[in-house]
Amino acid sequence: MTRIVGMPKQSGIGSGLTGTVRVIGVPALLAKLRGVQVYSRLELGKLDMAIALHVAERARNNINSITGNLASGTKAKKLGSYTWEVTSSSLDGTVADKNSKEYAGFVENGTSNMEARYYMRDAWVATRPEVQVGLMRIAKLIEAI
Amino acid sequence: MKELLDIVYHGLRDDIIVRSVIGLDKDKEVKVYDSIAKTNVIAPFVTISLLPGAQMVHVYGDPSVAHTFSYQISSWGKSRREAVEVADVIDEALNNYADWVTSPYEIRKILLQGLPAIVPDRDTTWMQVQAFYDFFIAR
(Lines give C-alpha, C1' and ligand atoms only; values in the text may rest on other atoms or scores of the structure.)
Protein backbone atom coordinates (compact mmCIF):
# COMPACT_ATOMS: atom_id res chain seq x y z
CA MET A 1 0.00 0.00 0.00
CA THR A 2 1.29 3.49 -0.79
CA ARG A 3 1.25 6.18 1.85
CA ILE A 4 1.94 9.91 1.89
CA VAL A 5 4.11 11.13 4.81
CA GLY A 6 5.03 14.66 5.88
CA MET A 7 2.69 17.60 5.91
CA PRO A 8 3.23 20.91 4.16
CA LYS A 9 3.32 23.85 6.55
CA GLN A 10 2.83 27.53 6.14
CA SER A 11 6.10 29.45 6.75
CA GLY A 12 4.52 32.79 7.58
CA ILE A 13 1.50 35.02 7.18
CA GLY A 14 1.00 35.90 3.50
CA SER A 15 3.50 33.26 2.30
CA GLY A 16 2.86 29.97 0.49
CA LEU A 17 3.04 26.45 1.81
CA THR A 18 6.40 24.67 1.96
CA GLY A 19 7.49 21.31 3.20
CA THR A 20 8.52 17.82 2.19
CA VAL A 21 6.03 15.20 0.99
CA ARG A 22 7.11 11.61 0.40
CA VAL A 23 5.08 8.79 -1.12
CA ILE A 24 6.06 5.43 0.30
CA GLY A 25 5.48 2.10 -1.39
CA VAL A 26 5.70 3.15 -5.07
CA PRO A 27 8.34 0.58 -6.14
CA ALA A 28 6.29 -2.24 -4.67
CA LEU A 29 3.15 -0.93 -6.40
CA LEU A 30 4.95 -0.69 -9.74
CA ALA A 31 6.26 -4.22 -9.35
CA LYS A 32 2.75 -5.45 -8.63
CA LEU A 33 1.35 -3.62 -11.69
CA ARG A 34 4.07 -5.15 -13.88
CA GLY A 35 3.12 -8.55 -12.58
CA VAL A 36 -0.53 -7.87 -13.40
CA GLN A 37 0.50 -6.77 -16.90
CA VAL A 38 2.45 -9.97 -17.54
CA TYR A 39 -0.33 -12.11 -16.13
CA SER A 40 -3.09 -10.40 -18.12
CA ARG A 41 -1.06 -10.68 -21.34
CA LEU A 42 -0.67 -14.42 -20.83
CA GLU A 43 -4.34 -14.93 -20.03
CA LEU A 44 -5.56 -12.78 -22.94
CA GLY A 45 -3.26 -14.62 -25.32
CA LYS A 46 -4.62 -17.97 -24.14
CA LEU A 47 -8.20 -16.74 -24.45
CA ASP A 48 -7.62 -15.47 -28.01
CA MET A 49 -6.19 -18.81 -29.04
CA ALA A 50 -9.00 -20.78 -27.42
CA ILE A 51 -11.70 -18.64 -29.07
CA ALA A 52 -10.11 -18.90 -32.51
CA LEU A 53 -9.75 -22.67 -32.24
CA HIS A 54 -13.34 -23.03 -31.06
CA VAL A 55 -14.66 -20.90 -33.92
CA ALA A 56 -12.68 -22.94 -36.44
CA GLU A 57 -13.85 -26.23 -34.96
CA ARG A 58 -17.50 -25.15 -34.88
CA ALA A 59 -17.27 -23.88 -38.46
CA ARG A 60 -15.87 -27.24 -39.58
CA ASN A 61 -18.68 -29.04 -37.76
CA ASN A 62 -21.29 -26.75 -39.38
CA ILE A 63 -20.21 -27.70 -42.89
CA ASN A 64 -22.34 -30.35 -44.55
CA SER A 65 -19.22 -32.15 -45.65
CA ILE A 66 -19.17 -34.27 -48.79
CA THR A 67 -15.53 -34.43 -49.89
CA GLY A 68 -14.13 -32.88 -46.69
CA ASN A 69 -12.36 -30.25 -48.76
CA LEU A 70 -13.97 -27.15 -47.28
CA ALA A 71 -13.80 -28.52 -43.73
CA SER A 72 -10.08 -29.23 -44.05
CA GLY A 73 -9.60 -25.74 -45.52
CA THR A 74 -11.13 -24.05 -42.44
CA LYS A 75 -8.29 -23.06 -40.15
CA ALA A 76 -7.23 -20.78 -37.32
CA LYS A 77 -3.94 -18.90 -37.69
CA LYS A 78 -2.03 -16.71 -35.26
CA LEU A 79 -1.20 -13.26 -36.65
CA GLY A 80 0.19 -11.57 -33.54
CA SER A 81 0.30 -11.61 -29.75
CA TYR A 82 -3.44 -11.00 -29.45
CA THR A 83 -4.63 -11.52 -32.99
CA TRP A 84 -5.89 -14.72 -34.51
CA GLU A 85 -7.60 -15.24 -37.84
CA VAL A 86 -10.09 -17.93 -38.80
CA THR A 87 -10.29 -18.50 -42.55
CA SER A 88 -12.18 -20.88 -44.74
CA SER A 89 -11.10 -21.64 -48.28
CA SER A 90 -11.74 -24.61 -50.52
CA LEU A 91 -8.36 -23.92 -52.14
CA ASP A 92 -6.70 -24.61 -48.77
CA GLY A 93 -8.36 -28.02 -48.48
CA THR A 94 -6.38 -31.21 -48.36
CA VAL A 95 -8.56 -33.11 -50.86
CA ALA A 96 -6.28 -32.38 -53.79
CA ASP A 97 -8.59 -33.54 -56.60
CA LYS A 98 -11.40 -31.18 -55.66
CA ASN A 99 -9.73 -27.96 -54.57
CA SER A 100 -9.29 -26.34 -57.96
CA LYS A 101 -12.06 -23.75 -57.44
CA GLU A 102 -12.89 -21.41 -54.59
CA TYR A 103 -16.44 -21.99 -53.38
CA ALA A 104 -16.34 -21.15 -49.65
CA GLY A 105 -18.07 -17.80 -50.21
CA PHE A 106 -20.89 -19.45 -52.14
CA VAL A 107 -21.54 -21.91 -49.33
CA GLU A 108 -21.51 -19.14 -46.73
CA ASN A 109 -23.56 -16.50 -48.58
CA GLY A 110 -25.54 -18.59 -51.05
CA THR A 111 -26.06 -18.49 -54.82
CA SER A 112 -29.05 -17.92 -57.09
CA ASN A 113 -29.94 -21.62 -56.65
CA MET A 114 -28.74 -22.34 -53.14
CA GLU A 115 -29.61 -20.88 -49.75
CA ALA A 116 -26.89 -19.33 -47.63
CA ARG A 117 -25.46 -21.69 -45.00
CA TYR A 118 -23.65 -19.15 -42.75
CA TYR A 119 -21.37 -21.83 -41.31
CA MET A 120 -18.77 -19.22 -40.30
CA ARG A 121 -21.23 -16.73 -38.84
CA ASP A 122 -22.99 -19.50 -36.91
CA ALA A 123 -19.64 -20.56 -35.46
CA TRP A 124 -18.85 -17.02 -34.32
CA VAL A 125 -22.31 -16.43 -32.83
CA ALA A 126 -22.09 -19.72 -30.91
CA THR A 127 -18.62 -18.83 -29.59
CA ARG A 128 -19.30 -15.18 -28.71
CA PRO A 129 -20.60 -15.92 -25.16
CA GLU A 130 -17.29 -17.64 -24.40
CA VAL A 131 -15.48 -14.36 -25.14
CA GLN A 132 -17.61 -12.51 -22.61
CA VAL A 133 -17.20 -15.20 -19.97
CA GLY A 134 -13.44 -15.40 -20.58
CA LEU A 135 -12.93 -11.65 -20.30
CA MET A 136 -14.97 -11.46 -17.11
CA ARG A 137 -12.94 -14.32 -15.63
CA ILE A 138 -9.68 -12.50 -16.44
CA ALA A 139 -11.03 -9.27 -14.95
CA LYS A 140 -11.93 -11.06 -11.71
CA LEU A 141 -8.55 -12.75 -11.52
CA ILE A 142 -6.78 -9.42 -11.98
CA GLU A 143 -8.99 -7.83 -9.37
CA ALA A 144 -8.01 -10.51 -6.89
CA ILE A 145 -4.27 -9.94 -7.34
CA MET B 1 -40.11 -13.97 -34.39
CA LYS B 2 -41.78 -14.70 -37.70
CA GLU B 3 -44.01 -11.65 -37.42
CA LEU B 4 -40.91 -9.48 -37.07
CA LEU B 5 -39.34 -10.97 -40.16
CA ASP B 6 -42.59 -10.47 -42.05
CA ILE B 7 -42.46 -6.75 -41.25
CA VAL B 8 -39.28 -6.40 -43.30
CA TYR B 9 -40.43 -8.80 -45.97
CA HIS B 10 -43.74 -7.02 -46.58
CA GLY B 11 -42.20 -3.59 -46.15
CA LEU B 12 -39.93 -4.22 -49.12
CA ARG B 13 -42.58 -5.97 -51.20
CA ASP B 14 -45.10 -3.15 -50.73
CA ASP B 15 -42.68 -0.39 -51.70
CA ILE B 16 -43.88 1.02 -55.05
CA ILE B 17 -40.40 1.84 -56.29
CA VAL B 18 -39.18 -1.67 -55.54
CA ARG B 19 -42.19 -3.06 -57.37
CA SER B 20 -41.58 -0.94 -60.43
CA VAL B 21 -37.85 -1.68 -60.63
CA ILE B 22 -37.92 -5.39 -59.84
CA GLY B 23 -41.28 -6.33 -61.26
CA LEU B 24 -43.53 -9.33 -60.68
CA ASP B 25 -42.99 -13.03 -61.20
CA LYS B 26 -45.40 -15.33 -63.06
CA ASP B 27 -47.48 -15.67 -59.87
CA LYS B 28 -47.93 -11.87 -59.88
CA GLU B 29 -45.84 -11.46 -56.74
CA VAL B 30 -43.10 -8.92 -56.23
CA LYS B 31 -39.74 -10.61 -56.69
CA VAL B 32 -38.58 -10.27 -53.09
CA TYR B 33 -38.01 -13.74 -51.66
CA ASP B 34 -37.12 -15.35 -48.39
CA SER B 35 -33.66 -17.01 -48.60
CA ILE B 36 -33.87 -18.20 -52.18
CA ALA B 37 -35.75 -17.20 -55.31
CA LYS B 38 -38.49 -19.32 -56.85
CA THR B 39 -37.44 -21.73 -59.58
CA ASN B 40 -37.14 -20.18 -63.05
CA VAL B 41 -37.25 -16.61 -61.78
CA ILE B 42 -35.04 -14.33 -63.86
CA ALA B 43 -32.99 -11.47 -62.41
CA PRO B 44 -33.59 -8.78 -61.16
CA PHE B 45 -34.87 -10.02 -57.84
CA VAL B 46 -34.05 -9.72 -54.16
CA THR B 47 -33.50 -12.39 -51.51
CA ILE B 48 -33.57 -11.84 -47.78
CA SER B 49 -31.81 -14.25 -45.43
CA LEU B 50 -31.88 -14.09 -41.64
CA LEU B 51 -28.40 -14.20 -40.14
CA PRO B 52 -27.67 -16.16 -36.95
CA GLY B 53 -27.48 -14.18 -33.74
CA ALA B 54 -30.97 -12.72 -33.32
CA GLN B 55 -31.47 -11.53 -29.75
CA MET B 56 -34.33 -10.44 -27.58
CA VAL B 57 -33.93 -7.66 -25.08
CA HIS B 58 -35.58 -8.30 -21.74
CA VAL B 59 -37.03 -5.33 -19.91
CA TYR B 60 -38.56 -5.74 -16.45
CA GLY B 61 -39.04 -9.45 -16.99
CA ASP B 62 -40.81 -9.05 -20.32
CA PRO B 63 -38.73 -11.05 -22.81
CA SER B 64 -40.15 -9.66 -26.02
CA VAL B 65 -39.91 -5.90 -25.66
CA ALA B 66 -37.17 -5.41 -28.20
CA HIS B 67 -35.45 -7.54 -30.76
CA THR B 68 -32.26 -7.20 -32.69
CA PHE B 69 -31.56 -9.27 -35.73
CA SER B 70 -29.57 -9.03 -38.93
CA TYR B 71 -30.46 -9.76 -42.53
CA GLN B 72 -28.38 -10.45 -45.58
CA ILE B 73 -30.23 -8.69 -48.40
CA SER B 74 -28.95 -9.79 -51.78
CA SER B 75 -29.90 -7.75 -54.84
CA TRP B 76 -29.56 -9.79 -58.00
CA GLY B 77 -29.16 -8.42 -61.51
CA LYS B 78 -28.25 -9.70 -64.95
CA SER B 79 -25.35 -7.29 -64.96
CA ARG B 80 -23.29 -5.44 -62.38
CA ARG B 81 -25.08 -2.20 -63.17
CA GLU B 82 -28.52 -3.76 -62.76
CA ALA B 83 -27.56 -5.37 -59.44
CA VAL B 84 -26.28 -2.05 -58.11
CA GLU B 85 -29.45 -0.25 -59.23
CA VAL B 86 -31.60 -2.81 -57.42
CA ALA B 87 -29.41 -2.51 -54.30
CA ASP B 88 -29.83 1.28 -54.34
CA VAL B 89 -33.61 0.95 -54.57
CA ILE B 90 -33.66 -1.53 -51.68
CA ASP B 91 -31.48 0.74 -49.56
CA GLU B 92 -33.83 3.62 -50.27
CA ALA B 93 -36.83 1.48 -49.33
CA LEU B 94 -35.17 0.50 -46.06
CA ASN B 95 -34.58 4.18 -45.27
CA ASN B 96 -38.32 4.73 -45.70
CA TYR B 97 -39.28 2.22 -43.02
CA ALA B 98 -41.41 4.89 -41.35
CA ASP B 99 -44.00 4.20 -44.05
CA TRP B 100 -44.21 0.50 -43.27
CA VAL B 101 -47.04 -1.20 -41.45
CA THR B 102 -45.37 -2.43 -38.28
CA SER B 103 -47.97 -2.33 -35.52
CA PRO B 104 -47.76 -3.42 -32.66
CA TYR B 105 -44.00 -3.10 -33.16
CA GLU B 106 -41.94 -0.08 -34.05
CA ILE B 107 -38.74 -0.12 -36.04
CA ARG B 108 -36.20 1.87 -34.04
CA LYS B 109 -33.19 1.53 -36.26
CA ILE B 110 -31.97 -0.06 -39.48
CA LEU B 111 -28.22 0.08 -39.95
CA LEU B 112 -26.06 -1.06 -42.84
CA GLN B 113 -23.13 -3.16 -41.62
CA GLY B 114 -19.95 -2.23 -43.40
CA LEU B 115 -19.95 -1.90 -47.19
CA PRO B 116 -21.92 -4.08 -49.60
CA ALA B 117 -19.97 -6.55 -51.72
CA ILE B 118 -20.55 -7.17 -55.42
CA VAL B 119 -19.97 -10.82 -56.25
CA PRO B 120 -20.67 -12.97 -59.29
CA ASP B 121 -23.01 -15.92 -59.11
CA ARG B 122 -21.63 -19.43 -59.25
CA ASP B 123 -24.43 -20.91 -61.38
CA THR B 124 -25.28 -18.10 -63.83
CA THR B 125 -23.74 -14.96 -65.29
CA TRP B 126 -25.72 -12.78 -62.87
CA MET B 127 -24.24 -10.50 -60.27
CA GLN B 128 -25.39 -9.94 -56.71
CA VAL B 129 -24.87 -7.10 -54.29
CA GLN B 130 -24.66 -8.55 -50.78
CA ALA B 131 -25.59 -6.10 -48.05
CA PHE B 132 -25.97 -6.83 -44.36
CA TYR B 133 -28.41 -4.82 -42.26
CA ASP B 134 -29.01 -4.71 -38.51
CA PHE B 135 -32.62 -4.24 -37.41
CA PHE B 136 -33.73 -3.05 -34.00
CA ILE B 137 -37.45 -3.46 -33.44
CA ALA B 138 -39.33 -2.74 -30.23
CA ARG B 139 -42.85 -2.81 -28.83
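Being a predicted model, the structure only gives us computed values, none of them experimental. All chains are named by letter (A, B, ...) in the order of the sequence lines, taking the proteins before the strands, and each is independently numbered beginning at 1.
With a 4.5 Å cut-off on non-hydrogen atoms, Y33(B) does not touch chain A at all.
Between the side chain of D121(B) and the main chain of S112(A), a donor-acceptor pair closer than 3.5 Å is present.
With rounding to the nearest 0.5 angstrom, the CD1 atom of I36(B) is 6.5 Å from the OG1 atom of T111(A). Within the model, atoms CE of M114(A) and CG of D123(B) stand 7.5 Å from one another, a figure rounded to the nearest 0.5 Å.
Nearest heavy-atom pair across Q128(B) and G110(A) is NE2-O, 3.6 Å. Residues P52(B) and V125(A) share a closest heavy-atom pair of O-CG2, 3.6 Å. The two residues Q130(B) and N109(A) make their nearest non-hydrogen contact at NE2-CB, 3.2 Å.
By the 6.0 Å contact criterion, CD1 on I16(B) is open, its count of non-hydrogen atoms from other residues, nucleotides or ligands being 12 or less. Heavy-atom contacts from other residues, nucleotides or ligands closer than 6.0 Å to NZ of K109(B) number 12 or fewer. By the 6.0 Å contact criterion, NZ on K32(A) is open, its count of non-hydrogen atoms from other residues, nucleotides or ligands being 12 or less. Heavy atoms of other residues, nucleotides or ligands lying less than 6.0 angstrom from CG of L115(B) number 12 at most. Counting non-hydrogen atoms of other residues, nucleotides and ligands closer than 6.0 Å to CG of L79(A) gives a total above 12.
Of the listed residues T124(B), V119(B), L51(B), the one with more heavy-atom pairs under 4.5 angstrom with chain A than any other is L51(B).
Applying the ring pair (Phe, Tyr, Trp, His ring centres under 6.0 Å) test to F106(A) and every residue at least two apart in sequence or in another chain returns nothing.
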